Amino acid sequence: MKIVHVILSGGVGSRLWPVSRKSMPKQYIPMFGDKSLFQLTAERSKHLVDEVLVVGNKDNYLLSQADMMRAGISEFTEIIEASPRNTAAAIAFAALAVQPENILVVTPSDHIITNEAAYAAALSEGTRLATEGYLVTFGITPTKPETGYGYIEYQGNEVLSFREKPDQPTAQSFLDQGNFLWNSGMFCFRAGTYLAELDTFEPAILQTSRHCWNCRKADFLPAEETLLIPSKSIDYAVMERSGKIKVVKADFGWSDLGSFESIWEHWEKTGEQHRFINNNCVVGSTKHVEFLGVSNLVLVETNDAILVLAKDSSQDVKKIYERLERDKPELVD
């Protein structure tokens with residue numbers, strides 16, 4: 001049995017526009033001590049696993065390769081998707097690429113974790129449960145009523161329910177009840193167990209993913225067969241329906257850094273005071289910036305765009321991205 005770290009790297013990071021673009025998604029931007037989130041993800045696990053497998057896409061796989069080299073990992077497997085078909089299929093490809101008894105530790109490539117000892121302990125508990133035949137998800141103790149994450153209602157290692165991204169009052173009620181965790185999007189299970197559960201609940205995803213996998217050329221998956229795969233997340237496809245789910249409560253300093261608000265909070269915790277001016281935050285600008293009479297604003301500058309937003313509007317940046325994708329696609333490419 002081998003432990004295989006599966007790094008998912010297909011996201012765009014639309015809530016971090018204009019810094020994050022299709023050609024340079026947030027996981028590859030060296031914003032964290034001159035390292036990218038992808039590089040940090042690879043480094044974090046490389047001494048805890050036996051193999052590394054990257055599931056990426058045809059537009060960004062060269063960026064992944066460069067960051068793997070920077071992370072000091074020269075031997076790894078790549079699966080390069082022609083078009084993203086969500087996480088149920090992406091993880092199915094990873095499971096098809098290894099032996100059924102192998103343990104997959106599945107993580108996004110765009111999250112940050114600050115307590116690596118706690119991370120190693122959580123992975124150890126997760127792999128133990130995975131060897132017993134469970135599908136394991138990792139839940140994070142919430143620190144505020146966050147509306148940008150899904151939640152897991154739990155008792156011990158038992159999952160009582162999964163909840164969608166809530167509104168503010170519902171998120172606050174989850175916090176008050178004390179038995180809810182943020183859904184981190186990290187998983188651990190035997191490859192064969194995942195494929196069996198996927199076959200039970202979404203046989204069409206498994207069938208079309210297997211056909212696509214069998215038609216691959218080297219590391220590349222074919223475009224025509226890819227588009228036949230139903231697009232569904234692992235949460236909807238399997239995790240919210242299976243009777244084999246366990247949760248590991250994890251406190252390892254996690255953030256998905258999916259919004260400017262979460263980046264603000266991370267920089268505050270790590271003492272990067274040069275990012276802040278009069279309780280406002282500056283991202284990307286090399287110019288001298290002043291703020292007068294305003295507070296809790298984020299100013300973001302790139303060479304072709306400027307974004308100014310209220311910190312608590314960070315989740316809505318995605319709406320700007322989606323509008324520009326239609327009206328001015330050159331600004332998101």
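We use all heavy atoms of the structure for the numbers below, so side chains are in, but hydrogens, waters and symmetry mates are not. Computed from a predicted model, the values in this text were never measured in an experiment.
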Would you say Ile3 and Leu48 make side-chain contact, with heavy atoms under 4.5 Å? no
Same cluster or not: are Val52 and Ile80 linked, directly or through other Ile, Leu, Val, Met, Phe, Trp or Tyr residues, by side-chain heavy atoms under 4.5 angstrom apart? no
Between the main-chain N or O of Arg210 and the side-chain N or O of Asn214, is there a donor-acceptor pair closer than 3.5 Å? yes
In this structure, OG1 of Thr137 is separated from CD of Glu240 (nearest 0.5 Å) by 10.0 Å
Are Arg216 and Trp213 in a cation-pi setup, meaning NZ or CZ lies under 6.0 angstrom from the ring centre and within 45 degrees of the ring axis? yes
Note: Val300 and Val298 closest approach over all heavy atoms is CG2-CG1, 3.8 Å
Does Met24 form a side chain to side chain contact (heavy atoms under 4.5 Å, CB included) with Ile29? I'd like the steps, not just the answer. CA-CA 7 Å; Met24 181 60 77; Ile29 301 169; 3.9 Å; yes
Side chains of Leu129 and Phe189: closer than 4.5 Å at any heavy-atom pair? no
In terms of heavy-atom contacts, does CD of Gln177 have more than 12 from other residues, nucleotides or ligands at under 6.0 Å? yes
What closest approach, in Å, do Thr147 and Gln168 show between heavy atoms, and which atom pair accounts for it? CG2-OE1, 3.4 Å
Could you check whether any side-chain heavy atom of Leu331 comes within less than 4.5 Å of a side-chain heavy atom of Pro18, counting everything from C-beta outward? no
What distance do Glu272 atom CD and Phe32 atom CZ have between them, rounded to the nearest 0.5 Å? 8.5 Å
Would you say the side chain of Ser23 lies within less than 4.5 Å of the side chain of Asp333, judging by non-hydrogen atoms? no
Here the pair of heavy atoms bringing Val136 nearest to Gly126 is CG2-O, 3.6 Å
Run through Lys311, Lys144, Arg275 and flag the one making a salt bridge (Lys or Arg N to Asp or Glu O under 4.0 Å) with Glu265. Lys144
Are Val49 and Val4 close enough, and set up right, to give a side chain to side chain contact (heavy atoms under 4.5 Å, CB included), and what steps lead you there? CA-CA 6 Å; Val49 300; Val4 181; over 6 Å; no
Pairwise distance CE(Met239) to NZ(Lys244) - rounded to 0.5 angstrom: 12.5 Å
Interatomic distance, CH2@Trp267 vs SG@Cys281, rounded to 0.5 Å, equals 5.0 Å
Closest heavy-atom contact between Thr226 and Ala82? OG1-CB, 4.1 Å
Output the rest of the hydrophobic cluster of Val308: all Ile, Leu, Val, Met, Phe, Trp and Tyr residues reachable through side-chain heavy-atom contacts under 4.5 Å, sorted by chain and number. Ile277, Val282, Val289, Phe291, Val294, Leu297, Leu299, Ile306
I'd like to know if the side chain of Tyr194 reaches the main chain of Ala88, judged simply by a donor and an acceptor atom lying under 3.5 Å from each other, with no hydrogens or angles considered. yes
Tell me if a side-chain donor or acceptor on Ser124 pairs with a main-chain N or O of Ala120 at a distance below 3.5 Å. no
Please assess Ser9 against Phe38 for the test side chain to side chain contact (heavy atoms under 4.5 Å, CB included), listing each intermediate value before the final yes or no. CA-CA 8 Å; Ser9 65; Phe38 187 104; 3.7 Å; yes
For the pair Thr302 and Arg21, evaluate side-chain hydrogen bond (donor to acceptor under 3.5 Å, both in side chains) and give the outcome as yes or no after the intermediate values. CA-CA 11 Å; Thr302 64; Arg21 307 288 181 102; 3.2 Å; yes
Would you say the rings of Trp264 and Phe276 are close, in the sense that their centroids are separated by under 6.0 Å? yes
Do you know the tightest heavy-atom contact between Ile229 and Ser209? CG2-OG, 3.7 Å
Going by chain and number, the hydrophobic cluster around Leu292 (ILVMFWY, side chain to side chain under 4.5 Å) further includes none
For residues 53-73, tabulate all N or O donor-acceptor pairs below 3.5 Å that involve a side-chain atom, not counting sequence neighbours.
| residue | atom | partner | partner atom | Å |
| --- | --- | --- | --- | --- |
| Asn57 | OD1 | Asp59 | N | 2.9 |
| Asn57 | OD1 | Asn60 | N | 3.1 |
| Ser64 | OG | Tyr28 | OH | 2.6 |
| Gln65 | NE2 | Glu78 | OE1 | 2.8 |
| Gln65 | NE2 | Glu78 | OE2 | 3.4 |
| Asp67 | OD1 | Arg70 | NH1 | 2.6 |
| Asp67 | OD2 | Ser36 | OG | 2.5 |

Kindly indicate whether the side chain of Thr131, heavy atoms from C-beta on, has any atom under 4.5 Å from the side chain of Arg190. yes
I would like to know whether Arg15 and Asp256 meet side chain to side chain contact (heavy atoms under 4.5 Å, CB included); could you show each step before the answer? CA-CA 11 Å; Arg15 288 176 293 164; Asp256 77 336; 3.5 Å; yes
Are the side chain of Ser285 and the backbone of Glu301 linked by a donor-acceptor contact shorter than 3.5 Å? no
Taking C-beta and beyond as the side chain, do Pro142 and Phe174 meet within less than 4.5 Å on heavy atoms? no
For residues 306-333, pull every pair meeting ring pair (Phe, Tyr, Trp, His ring centres under 6.0 Å), keeping only residues two or more places apart or in separate chains. none
Which donor-acceptor pairs under 3.5 Å do the side chains of residues 90-110 make with protein atoms, sequence neighbours left out?
| residue | atom | partner | partner atom | Å |
| --- | --- | --- | --- | --- |
| Asn102 | OD1 | Lys2 | N | 3.1 |
| Thr107 | OG1 | His5 | NE2 | 2.8 |
| Ser109 | OG | Leu8 | O | 3.0 |

Take atom OH in Tyr236; do more than 12 heavy atoms of anything else shown fall under 6.0 Å from it? no
What orientation do Trp182 and Tyr151 show, parallel under 30°, tilted 30 to 60°, or perpendicular over 60°? perpendicular
I'd like to know if the side chain of Ser20 and the backbone of Trp17 have a donor-acceptor N/O pair within less than 3.5 Å. no
With a sphere of 6.0 Å drawn around NZ of Lys318, does it hold more than 12 non-hydrogen atoms of other residues, nucleotides or ligands? no
Please examine the side chains of Cys215 and Glu225, heavy atoms only from C-beta on, and report whether any two atoms are closer than 4.5 Å. yes
Would the distance check show the side chain of Glu325 and the main-chain N or O of Val332 forming a donor-acceptor pair, the cut-off being under 3.5 Å? no
Checking side chain to side chain contact (heavy atoms under 4.5 Å, CB included) between Phe187 and each of Thr87, Val238, Asp235, Ile245, which is the one that passes? Asp235
Compute whether any side-chain donor of one residue and acceptor of the other, for Tyr119 and Ser45, lie under 3.5 angstrom apart. yes
For atom CD of Glu224, decide whether the heavy atoms of other residues, nucleotides or ligands shown that lie under 6.0 angstrom number more than 12. no
So, Ser173 side chain and Thr170 main chain: donor-acceptor pair closer than 3.5 Å or not? yes
Sort and list the pairs that fulfil salt bridge (charged side-chain N to carboxylate O under 4.0 Å, His left out) and have at least one residue in residues 154-168, not counting sequence neighbours. Glu153-Arg163, Glu158-Lys246
Can you tell me if Lys232 uses its side chain to pair, donor with acceptor, with the backbone of Glu202 under 3.5 Å? no
Let me confirm one number: the CD-CG distance from Glu116 to Leu123, rounded to the nearest 0.5 Å. 11.5 Å
With a 4.5 Å heavy-atom cut-off, do Leu16 and Val317 have their side chains touching? no
Closest non-hydrogen atom pair between Val159 and Ile152, with its separation: CG1-CG2, 4.0 Å
Nearest-0.5 Å distance that lies between atom CZ in Arg241 and atom OG1 in Thr200: 10.0 Å
So, the side chain of Glu132 versus the backbone of Tyr134: is there a donor-acceptor pair under 3.5 Å, distance only? no
